[in-house]
S.K.: 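I'd like to ask you about the structure that follows.
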Amino acid sequence: MCTLDLPSKKSGGCFGDSGGPTIGQRPDGTLVELGIISTGGEACSTRRPNVMTRTDFVASWVSEWIAATESGGPRPALDPGAPLPQMPRQAAEAFAVSTIRDSFGKRFERATQIAGKCRRAGATRFKCEIAWISGRFVYGGTVSPFYVRRDDAVVWGSHFQIRWGVLKCLRDNGRRCAIQSKSG
């Protein structure tokens, strides 16, 4: 889950916040924990979303660990053969944006135009096409977010390939323009 303090953008995550709560308010005014802080914006930016683990997704797992710890029992068993969860489109889009932001920083954050579309490539992965204009350059390519099992946990990862060139050159005579590329 990603959160952003809108419309003011005055509050955001920072170093040392990881593991802390994300608190929301129910319509009746009671407070509820919505998530656990994973990471915030670069340099404590209040303009970039904070990434959270949704509490409702991990509550039963956390309860099992607490019960095991309190009783001195063994750690909860995880079935390594269990299927990975289906990746929702909204998560794929968030993972794709996070991948590009982490790899291109201000070149993506300062974009004047962004376009993209994600299509399902399997139950646990998507292939997202993305393009944006930043300064004199136009960027475009693909990001492929996916779920994978790592160290007895389900985590997300992604691969990307982005190419870019000077927009004016590409508009005037695309065949002779220098094209740069980055993948990861």
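Just so you know, these numbers use all the heavy atoms, side chains as well, and skip hydrogens, waters and symmetry mates.
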S.K.: Per the salt bridge (charged side-chain N to carboxylate O under 4.0 Å, His left out) rule, what does the pair list look like for residues 154-170, sequence neighbours excluded?
M.R.: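 Listed once each, the pairs are Lys168-Asp172.
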S.K.: Might you confirm whether atom CZ of Arg110 has over 12 heavy atoms from other residues, nucleotides or ligands at distances under 6.0 Å?
M.R.: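 Not more than 12 within 6.0 Å, no.
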S.K.: Are side-chain heavy atoms of Arg119 and Phe126 found at a separation under 4.5 Å?
M.R.: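 Arg119 does not reach Phe126 side chain to side chain.
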S.K.: Considering all heavy atoms of both residues, which atom of Trp164 and which atom of Ser181 are nearest to each other, and what is their separation?
M.R.: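 Smallest interatomic distance, heavy atoms only, reads CZ3-C, 3.8 Å.
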S.K.: Given 3.5 Å as the limit, does a donor-acceptor pair link the side chain of Ser103 with the main chain of Thr99, or not?
M.R.: yes
S.K.: Please tell me whether Val166 and Phe104 are part of a single hydrophobic cluster in this structure, the criterion being side-chain heavy atoms less than 4.5 Å apart.
M.R.: yes
S.K.: So if you build clusters from Ile, Leu, Val, Met, Phe, Trp, Tyr with side-chain heavy-atom gaps below 4.5 Å, do Ile37 and Leu34 land together?
M.R.: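 Yes; tracing contacts between hydrophobic side chains, which count when under 4.5 Å, links both residues.
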S.K.: If you count the non-hydrogen atoms of other residues, nucleotides and ligands that lie under 6.0 Å from CD in Gln90, is the total more than 12?
M.R.: no
S.K.: What I'd like to find out is whether the side chain of Ser144 reaches to under 4.5 Å of the side chain of Phe160, using heavy atoms alone.
M.R.: no
S.K.: Kindly say whether the aromatic ring centers of Phe137 and Trp132 come within a distance under 6.0 Å.
M.R.: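 That pair fails the under 6.0 Å test.
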S.K.: When rounded to the nearest 0.5 angstrom, what is the spacing between CZ in Arg89 and NZ in Lys117?
M.R.: 8.5 Å
S.K.: Check whether any side-chain heavy atom of Ile130 sits under 4.5 Å from a side-chain heavy atom of Ile162, and report yes or no.
M.R.: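 Yes, their side chains come closer than 4.5 Å.
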S.K.: For Trp156, check ring-ring contact (aromatic ring centres under 6.0 Å, His included) against everything at least two apart and list the hits.
M.R.: Phe95
S.K.: I would like to know whether Thr124 and Gln86 meet side chain to side chain contact (heavy atoms under 4.5 Å, CB included); could you show each step before the answer?
M.R.: CA-CA 5 Å; Thr124 63; Gln86 182 166 340; over 6 Å; no
S.K.: Looking only at heavy atoms, what is the nearest atom pair of Met52 and Thr22, with distance?
M.R.: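 Looking at all heavy atoms of both residues, the closest pair is SD-OG1, 2.7 Å.
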S.K.: Mind listing the closest non-hydrogen atom pair of Cys177 and Leu170 along with its distance?
M.R.: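 Closest approach of Cys177 to Leu170: SG-N, 3.3 Å.
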S.K.: Minimum heavy-atom separation for Lys127 to Ala121, with atom names?
M.R.: N-CB, 4.2 Å
S.K.: Are Ile133 and Leu167 close enough, and set up right, to give a side chain to side chain contact (heavy atoms under 4.5 Å, CB included), and what steps lead you there?
M.R.: CA-CA 8 Å; Ile133 296 173; Leu167 181 59; 4.1 Å; yes
S.K.: Answer whether the closest heavy-atom distance between the side chains of Phe108 and Ser134 falls below 4.5 Å.
M.R.: no
S.K.: Would Ile100 and Val138 show up in the same hydrophobic cluster when neighbours are defined by side-chain heavy atoms closer than 4.5 Å?
M.R.: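 Per the 4.5 Å side-chain linkage, Ile100 and Val138 are not co-clustered.
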S.K.: Can you confirm whether Glu33 is buried at CD, in the sense that more than 12 heavy atoms of other residues, nucleotides or ligands lie under 6.0 Å from that atom?
M.R.: yes
S.K.: Considering non-hydrogen atoms only, spot the tightest contact between Pro145 and Ser158 and give its length.
M.R.: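 Nearest pair, atom of Pro145 first, then Ser158: CA-CB, 3.8 Å.
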S.K.: Under 4.5 Å between side-chain heavy atoms, counting indirect links through other Ile/Leu/Val/Met/Phe/Trp/Tyr residues: same cluster for Val97 and Ile114 or not?
M.R.: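 Yes, same cluster.
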S.K.: If you link I, L, V, M, F, W and Y whenever their side-chain heavy atoms are under 4.5 Å apart, who else ends up in the same group as Val155?
M.R.: Phe146, Val148
S.K.: Determine the minimum heavy-atom distance between Met87 and Arg120, stating which atoms define it.
M.R.: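 Closest pair (atom of Met87, atom of Arg120, distance): O-NH2, 2.8 Å.
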